[in-house]
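All chains are named by letter (A, B, ...) in the order of the sequence lines, taking the proteins before the strands, and each is independently numbered beginning at 1. Being a predicted model, the structure only gives us computed values, none of them experimental.
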Amino acid sequence: MNESINLVKIHDYLWEIPKKGGMRVPGRVYATESMLKDIQKDKALEQVVNVAHLPGIQKYSIAMPDIHWGYGFPIGGVAAMDVEEGVISPGGVGYDINCGVRLMSTNLIEEEVRPKLRELVSELFYRVPSGVGSSGKIKLSKNDYKDLIKKGAKWAVEQGWGEAQDLERIEDYGTFPGANYDTISQKAFERGSDELGTLGSGNHFLEVDIVDEIKDLQVADDFGLFKDQVCVMIHCGSRGFGHQICTDYIDRMLSYMRREEINLPDKQLACAHIKSKEGRDYLSAFAAAVNYAWANRQIIMSFARESFYRIFKIGPRDLGGHLVYDISHNIAKFEEHKVNGEMKKVCVHRKGATRAFPKGHPLVPEIYRNVGQPVFIPGDMGRASFVLVGTEAALDETFGTSCHGAGRMLSRNEAVRRGKNRDLFSELERRGIILIARGKRTVLEEMPEAYKYVEDVCDVVHNAQIAKKVARLRPIGVVKG
DNA sequence: ATGTTC
């Protein structure tokens, strides 16, 4: 418990940790009072306080309602740094650089898919390798890499996985600027060389979902969503490539901090000034991993389309198979935000947090400029996931950010311990959900009871108005690592 | 998250 951390109520869904000691800004936590009790069970709020010590941090060290303990920064944390004096921290992005979620809509409805659901999920499981260390059929040469790390999803489309219009529905059109081949270790290249088009493990998944309830008819329609529609949700990141880049740069930044005599409450806050050589090199390698993750999700979506074509013997026109949007929830971005009444350029770290820009914002892709940015909040494999839309209040209060998931409630070990006599596969099947997974342990770690109910988390961001609910999805087919 | 403890 963190009795020593004082929480001052701002309103029913927002609490402030007053500035104290070496904190440069206060902390702010979006949660209900009852959620705070769970949040206080681990060291996540201490991490919010620690992050508030970082050089150049602006306004607040922010925590979303799905916050939990992470490496250095909490997962569900947001921190914006001044670009002149501030720092970039690999732990503020996460080990899985550009982990994120994309949603693909289809023209199909549940009753059309049900009769062949098991075949479909088997096909998806076959085409998209999953599990730790899973490798795919795509082998990346040095020249492939050079092109891929600069172009991201655009590279994947050029190679034939998907179409140009997909790129209009990805943050930054699927290409992150600034990648530099020379800032990346050989080890990172090796680890990533056969992992493109693979899902990975842990909380990553590929799901067939049904649009179960529409919460905002107009916005749902603008996103191309309707009741009973079949969708595909993909959650994964940059695999061993991004992981190795994070590892490499935490190491380099620890020596930078010793050299520059930067003292922080936790070694895991390893960071370097954005303008330093170490900071710039990290950003160049990080950009490459961002692009790798976008290419990865692009390729997996393309495999999903092919699975539908084969199982239902239909073509692209009948499937629909439109990308709704692709969100990044482990990323740092240079954006303009209002600080003390003036617009300034900051580097926003979003770790387990989703950008949620309102309509009219120039960084929202043109097709959604008059609607607002889609926000996806995946829940657990047995209950629900949500589609929301970004708001003006998010831009004012949270650097345009909302939460990213249900938030873990049980540790992985505790979930496995409690679930060891259960058969999640048949339990889910009785509820109409086909689950195919590579490892039984991962399934127990990820069982529904290990997570908060996602709608409770969505209610916080909805009521705090930092995103607005659009639709609820429910899973009918799940592929796990 | 992760060649699941370089």
| When you measure from the centre of the six-membered ring of A/Tyr60, is the NZ or CZ of A/Arg28 under 6.0 Å away and within 45° of the axis? | yes
| For the pair made of CG in A/Leu199 and P in B/dT2, what is the distance, rounded to whole Å? | 9 Å
| message | Base, sugar-phosphate or nothing for A/Glu190? Non-hydrogen atoms, less than 4.0 Å. | response | nothing
| task | Using distance alone, with no hydrogens and no angle criterion, decide if A/His404 and A/His235 have a side-chain donor and acceptor under 3.5 Å apart. | result | no
| request: Measure across A/Asp248 and A/Ser185 and return the closest heavy-atom pair with its distance rounded to 0.1 Å. | output: OD2-OG, 2.6 Å
| said: Rounded to whole Å, how long is the line connecting atom CG of A/Asp248 with atom C1' of B/dT2? | reply: 13 Å
| Of the residues in residues 232-243 of chain A, which ones touch DNA chain B at a heavy-atom distance under 4.0 Å? | A/Arg239, A/Gly240, A/His243
| request: May I have the distance from A/Leu444 (atom CG) to B/dT4 (atom C1'), rounded to whole angstrom? | output: 15 Å
| request: Select base, sugar-phosphate, or nothing to describe what A/Ser201 touches, counting heavy atoms under 4.0 Å on all strands. | output: sugar-phosphate
| remark: note: A/Tyr71, atom OH; B/dT2, atom P; distance rounded to Å ~ 17 Å
| task | Would you indicate what A/Lys351 reaches in the nucleic acid, counting non-hydrogen atoms under 4.0 angstrom: base, sugar-phosphate, or nothing? | result | nothing
| task | To the nearest Å, give me how far apart CD1 (A/Ile245) and P (B/dT2) are. | result | 14 Å
| said: Any donor-acceptor pair under 3.5 Å linking the side-chain atoms of A/Asn180 with those of A/Thr183? | reply: no
| request: Starting from P on B/dT4, measure out to CZ on A/Arg412 and report it in whole angstrom. | output: 14 Å
| query | Atom CD of A/Gln186 to atom C1' of B/dC6: distance rounded to whole Å? | reply | 18 Å
| said: Pairing donors with acceptors under 3.5 angstrom, does anything connect the side chains of A/Arg297 and A/Asn98? | reply: yes
| remark: From the list A/Asp209, A/Val208, A/Val121, A/Leu428, side chain to side chain contact (heavy atoms under 4.5 Å, CB included) partner of A/Ile476 resolves to A/Val208
| said: Check whether A/Tyr173 forms a cation-pi arrangement with A/Lys154 (NZ or CZ under 6.0 Å from the six-membered ring centre, at most 45° off the ring normal). | reply: no
| remark: Taken to the nearest whole Å, CD/A/Glu445 to P/B/dT2 is 12 Å
